[in-house]
Engineer: 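Handing you this structure, nothing more for now.
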Amino acid sequence: MPDEQKTRPDQNSSWRRLREYVVGIAAIIVLGTVIIISMAHFHRVSSVQAAQIGVLEESKYFFPIIYGSGGGDAPSVPEIWSLSGYSSIEQTEANFLVRLANHSEGTYDVYLMNGAIGSKICVDVNVDSLGQKDVACDLSAVAGGLLPPGLYDLFSTLSGTLAPKVAIAEFQVEIIATPQPMLRFVSGNAHWSVGSPTQIELVAHRAIDEPFTLALFDKNLNFVKNIAASLPATTAPIDWTVDNIAGCDVASGTPCYLRIFKSDGSAYAELEVYINQPELILVPNAQPYTQGQALYIYLTGHTPNSVYDIVIQEGALPAPLKLGTTLETNAFGDTPYAIAWIIPAGCGPIEGWGNGTYDIVSRPEGQTIEIAKQENVEFFTQLDPYLTVDGGNIWPAGSTITIYVHLHAYNAAHYMEFDQDRIPTSNADDTFMTSNCGFAAVDYEIPLDTADGIYKIVSYLASDDTQQAEFAVTVVN
């Protein structure tokens, strides 16, 4: 047989074997598919039969779930969550709201746990026929005391058990320390002057302890007065006009006390308060004051770090006249700088300050409440020429003083002497000119070697050396 004829049968045989191999593989694949489908069908039938029996066991449930036959989808997974939120829950929260859902009929306990730390917060929660229940848990009454601040798992268990857990909340609950009951001033300031308007807040007071009574005590904890009574825990800030109690001012460092009492009469919270005795200091401290004179007003013992208006009122005034506004008082309630007021002066047709007695008052800026008062301050303007010294009449040697000349001859040359020595001016003959109202201001430095004593300043009309007025100054070292 030729070689070509020998080769063809061998090739046909190889192709035949290849086709048989492929067919065999295909048959195996088909058979495997049939087996898989049959097994799936068997599993579904078994599940239906199990449903008809009424028991379904799956690893995702913590315990068997019983439900009625009749087909349909399996029930949802048991759930629990906080209706009160998950952050900043106070450890004394008496109304921590929790919802249970998809629980089987029965009773459950609710826990907040973080490892071994935590407690049962609700007991024997009985869900309804739908497996649902909203419940309020009192965290302030848990066994073992208040929960320490931290993050806790929220979960449910069958009543009387700690495990297994039936449902676990998706998020952890943050427990924070409950603020202690306290009193505080709305402004945050505990340093006040007598007569100041203030407001006091009740912080972290519990409704179970109401009604409350707010009382004032002196530095020795002797009762002074009740400020407010029958207060609910959620009362609005309490208005208080600071009472006049001595001995607990800022400078002494000794406080008086505000105390709050609960319904059974026991003390609930306390707040220290420092009460200044406010005063007005007038410089010079020599009345009567006259037209053209500079009057300086200082505040002492007012509320620290506060600003005040100074007004003059009564007398011949139809309405209070504002003299100025202070800078902020210091830590003791004193003004570092005075309010300077030049008493209005007039001549000819210009009306000056009316003679009489007036009140000078300090008020919180922009308010009408009187804090301190100098009553019956006398103002009297002479008809004859007179002198005043800016800042008063007591000075140490070496001081530079400003002497004011009033009601002297108009537009005329004058000179002055201090203890019979001519007071120098910028003019060659040491004279000075008055204005068309007979006013002038002259500076003079008291010699450094001036001995202690009382010295006269005398003014003269330069044209005829006629004495016009005199003023006594006391020099002290």
Side-chain angles (χ1 to χ4, degrees), residues 82-99 110 112 118-125 134-150 152 154 173-192 195-245 248 255-275:
S82 167
L83 297 175
S84 296
Y86 294 88
S87 62
S88 302
I89 304 299
E90 293 184 6
Q91 59 190 168
T92 56
E93 175 59 60
N95 194 36
F96 180 60
L97 299 178
V98 176
R99 173 169 292 176
V110 179
L112 281 174
S119 186
K120 185 189 304 182
I121 62 172
C122 269
V123 180
D124 295 334
V125 179
D134 291 347
V135 61
C137 302
D138 185 356
L139 303 188
S140 67
V142 299
L146 299 179
L147 296 172
Y152 290 80
L154 172 65
V173 176
E174 179 195 23
I175 299 297
I176 62 172
T178 298
Q180 292 298 310
M182 61 179 293
L183 297 170
R184 68 183 176 201
F185 289 104
V186 171
S187 68
N189 177 37
H191 303 76
W192 300 94
S196 297
T198 64
Q199 287 189 313
I200 305 160
E201 285 183 306
L202 277 57
V203 179
H205 285 48
R206 301 196 313 168
I208 194 173
D209 297 318
E210 63 185 27
F212 297 97
T213 300
L214 178 63
L216 175 64
F217 292 79
D218 68 12
K219 66 177 183 178
N220 297 315
L221 290 176
N222 297 314
F223 174 79
V224 176
K225 62 179 288 189
N226 283 334
I227 295 173
S230 301
L231 298 171
T234 56
T235 186
I238 301 160
D239 294 325
W240 177 45
T241 299
V242 178
D243 290 278
N244 189 355
I245 305 178
C248 52
C256 288
Y257 300 90
L258 293 166
R259 281 186 168 180
I260 193 88
F261 296 89
K262 59 184 182 180
S263 57
D264 64 4
S266 59
Y268 201 68
E270 181 179 273
L271 176 63
E272 293 182 350
V273 57
Y274 296 84
I275 301 176

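Sequence positions, counted from 1, serve as the residue numbers for this chain. The figures that follow rest on heavy atoms only: side chains count, while hydrogens, waters and symmetry mates do not.
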Engineer: Can you find a heavy atom in the side chain of Pro232 that is under 4.5 Å from one in the side chain of His205?
Structural biologist: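 Heavy-atom side-chain distance check fails, nothing below 4.5 Å.
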
Engineer: Passes side chain to side chain contact (heavy atoms under 4.5 Å, CB included), Phe185 versus Leu258? Steps please.
Structural biologist: CA-CA 11 Å; Phe185 289 104; Leu258 293 166; 3.7 Å; yes

Engineer: Run Leu112 and Val142 through side chain to side chain contact (heavy atoms under 4.5 Å, CB included) and show every step you take.
Structural biologist: CA-CA 10 Å; Leu112 281 174; Val142 299; over 6 Å; no

Engineer: So, does Asp264 use its side chain to make a donor-acceptor pair with the main chain of Ser266 at under 3.5 Å?
Structural biologist: yes

Engineer: Check Asn95 against Ala136 and note the closest heavy-atom contact, atom names and distance.
Structural biologist: OD1-CB, 3.0 Å

Engineer: Can you tell me how far the CD1 atom of Ile208 sits from the OG atom of Ser140, to the nearest 0.5 Å?
Structural biologist: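 The CD1 atom of Ile208 sits 7.5 Å away from the OG atom of Ser140.
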
Engineer: Hey, is the main chain of Phe96 close enough, under 3.5 Å, to the side chain of Ser84 for a donor-acceptor pair?
Structural biologist: no

Engineer: Side chain to side chain contact (heavy atoms under 4.5 Å, CB included) between Val273 and Val242: does it pass, once the steps are laid out?
Structural biologist: CA-CA 10 Å; Val273 57; Val242 178; 5.6 Å; no

Engineer: Measure the CZ-CG distance between Phe223 and Asn220 for me, rounded to the nearest 0.5 Å.
Structural biologist: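 Spacing of CZ (Phe223) from CG (Asn220) equals 15.5 Å.
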
Engineer: Quick check on the 6.0 Å ring-centre criterion: do Tyr268 and Phe261 meet it?
Structural biologist: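 That pair fails the under 6.0 Å test.
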
Engineer: Closest approach of Thr241 and Gly195, non-hydrogen atoms and distance?
Structural biologist: CG2-O, 3.6 Å

Engineer: Please confirm whether the backbone N or O of Ala177 pairs with a side-chain atom of Gln91, one donor and one acceptor, at under 3.5 Å?
Structural biologist: no

Engineer: Could you tell me which non-hydrogen atom of Leu139 sits nearest to which non-hydrogen atom of Leu146, and how far apart they are?
Structural biologist: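 Smallest interatomic distance, heavy atoms only, reads O-CD2, 4.1 Å.
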
Engineer: If I compare all heavy atoms of Ser82 with all of Leu154, which pair ends up nearest, and what's the gap?
Structural biologist: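 The answer is N-CD2, 3.9 Å.
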
